[in-house]
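Below is one structure, written out as structure tokens, with a few remarks after it.
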Amino acid sequence: MLRAVCPGSFDPLHHGHVEVIARAANLFDEVVVAVSVNPAKTYRFSMEERIEMVESTFSSLAGVVVRPMGVGLLAEFCREAGANAIVKGLRNGTDLEYEQPMATMNHHLTGIETVFLSADPRYTHLSSSLIKEVHGLGGDVSEFVPTAVMQRFVG
């Protein structure tokens, strides 16, 4: 079985994330969406809320499972999950420059490969931080996030 891990804080999940995860689900037998914690970040949504939003969004897509990932090495999480690969979406060259050293280190630590998927051009401008900022200033972000996320924003 080919299993990939698609990690992120998903605070919030947006259509760019959804598109990459759905494409990964076509390439792998199983995609583990690892909802992570970064102690350096301040979160809008709790871990439980983020997991619920991701689970709700992918409930009808076979082969996608959602798991919490605490503080720790992604390579270790992947080893424990029995993953063959890490999937990362890239919006631009800056993302590649940021992700490449981590991919190399993860490979060095465990032999796991990182698969980079280029983002759909419709979503290259999206980031969770930008969505939170626009929403916080009263902007409409409904076209950029799944229904489960929008319900949390307005609820």
Side-chain angles (χ1 to χ4, degrees), residues 3-25 28-92 94-95 98-99 101-103 105-106 109-110 112 114-117 119-120 122-155:
R3 179 177 293 129
V5 169
C6 192
S9 57
F10 306 109
D11 186 47
L13 180 73
H14 57 69
H15 289 317
H17 296 131
V18 172
E19 191 264 338
V20 167
I21 293 166
R23 285 172 46 209
F28 295 90
D29 300 314
E30 183 177 85
V31 175
V32 178
V33 180
V35 180
S36 64
V37 174
N38 180 341
K41 286 187 176 182
T42 301
Y43 291 100
R44 163 71 171 81
F45 297 104
S46 70
M47 171 68 84
E48 293 76 21
E49 289 173 314
R50 290 181 284 137
I51 288 171
E52 288 172 10
M53 289 184 286
V54 175
E55 285 177 337
S56 175
T57 300
F58 291 105
S59 63
S60 63
L61 186 58
V64 175
V65 298
V66 183
R67 294 189 187 152
M69 184 181 126
V71 176
L73 292 174
L74 174 59
E76 182 62 23
F77 179 89
C78 292
R79 188 187 64 70
E80 291 172 4
N84 307 89
I86 297 167
V87 172
K88 293 291 207 135
L90 299 177
R91 296 169 293 186
N92 52 43
T94 303
D95 282 355
Y98 177 78
E99 296 291 347
M102 289 187 288
M105 181 59 77
N106 286 328
L109 292 172
T110 62
I112 196 164
T114 299
V115 176
F116 294 119
L117 297 179
D120 184 305
R122 296 175 295 169
Y123 306 124
T124 56
H125 65 291
L126 294 182
S127 71
S128 295
S129 298
L130 181 58
I131 288 169
K132 286 187 288 192
E133 181 178 350
V134 169
H135 181 266
L137 294 171
D140 179 12
V141 295
S142 59
E143 69 181 283
F144 307 123
V145 298
T147 302
V149 174
M150 206 58 223
Q151 289 171 341
R152 292 278 181 177
F153 270 140
V154 298

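Closest of all the heavy-atom pairs between I112 and N106 is CG2-O, 3.8 Å. Contact record, A34 with F77: CB-CE2, 3.6 Å, taken as the closest heavy-atom pair. In terms of heavy atoms, R91 sits closest to T124 at CD-O, 3.5 Å. What you find for L61 and A25 is that their closest heavy atoms are CD2-CB, 4.0 Å. Nearest heavy atoms, M47 versus V35: CE-O, 3.3 Å. Residues V71 and V37 come closest through the heavy atom pair CG2-CG1, 4.0 Å.
Atom CE of M53 is separated from atom CE of M150 by 11.5 Å, given to the nearest 0.5 angstrom. Atom CZ in F116 sits 9.0 Å away from atom CD1 in I86 (nearest 0.5 Å).
Applying the ring pair (Phe, Tyr, Trp, His ring centres under 6.0 Å) test to pairs two or more places apart or on separate chains, those with a residue in residues 30-69 are F45-F153. Sorted by first and then second residue, the side-chain hydrogen bond (donor to acceptor under 3.5 Å, both in side chains) pairs involving residues 67-87 (not counting sequence neighbours) are E76-R79. Sorted by first then second residue, the side-chain hydrogen bond (donor to acceptor under 3.5 Å, both in side chains) pairs that include residues 50-62, not counting sequence neighbours, are E52-R152.
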Q. I21 and C6: side chain to side chain contact (heavy atoms under 4.5 Å, CB included), yes or no, with the steps?
A. CA-CA 7 Å; I21 293 166; C6 192; 3.6 Å; yes
Q | Stepwise side chain to side chain contact (heavy atoms under 4.5 Å, CB included) test for R3 and V32 | A | CA-CA 7 Å; R3 179 177 293 129; V32 178; 3.9 Å; yes
Q: Starting from the C-alpha separation in whole Å, work towards a yes-or-no answer on side chain to side chain contact (heavy atoms under 4.5 Å, CB included) for K88 and D95.
A: CA-CA 10 Å; K88 293 291 207 135; D95 282 355; over 6 Å; no
Q: Give the C-alpha distance, both sets of side-chain angles, the deciding distance and a yes or no for side chain to side chain contact (heavy atoms under 4.5 Å, CB included) between L90 and E99.
A: CA-CA 9 Å; L90 299 177; E99 296 291 347; 4.0 Å; yes
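Counting non-hydrogen atoms of neighbouring residues, nucleotides and ligands closer than 6.0 angstrom, the CE atom of M105 reaches no more than 12 such neighbours.
Applying the side chain to side chain donor-acceptor pair (under 3.5 Å) criterion to S142, with sequence neighbours excluded, gives D140. In this structure T94 satisfies the side-chain contact (heavy atoms from CB on, under 4.5 Å) test together with N92, sequence neighbours excluded.
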Side-chain donor-acceptor distances from residues 126-135 under 3.5 Å, at least two apart:
unit_1: S127; atom_1: OG; unit_2: L130; atom_2: N; d: 3.0
unit_1: S128; atom_1: OG; unit_2: P12; atom_2: O; d: 2.7
unit_1: K132; atom_1: NZ; unit_2: D11; atom_2: O; d: 3.2
unit_1: K132; atom_1: NZ; unit_2: D11; atom_2: OD2; d: 3.0

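S9 places no side-chain N or O within 3.5 Å of a backbone atom of S36 that could act as its donor or acceptor partner.
Counting heavy atoms from C-beta on, the side chains of C78 and T110 never come closer than 4.5 Å. The shortest side-chain heavy-atom distance between V149 and H14 does not fall under the 4.5 Å cut-off.
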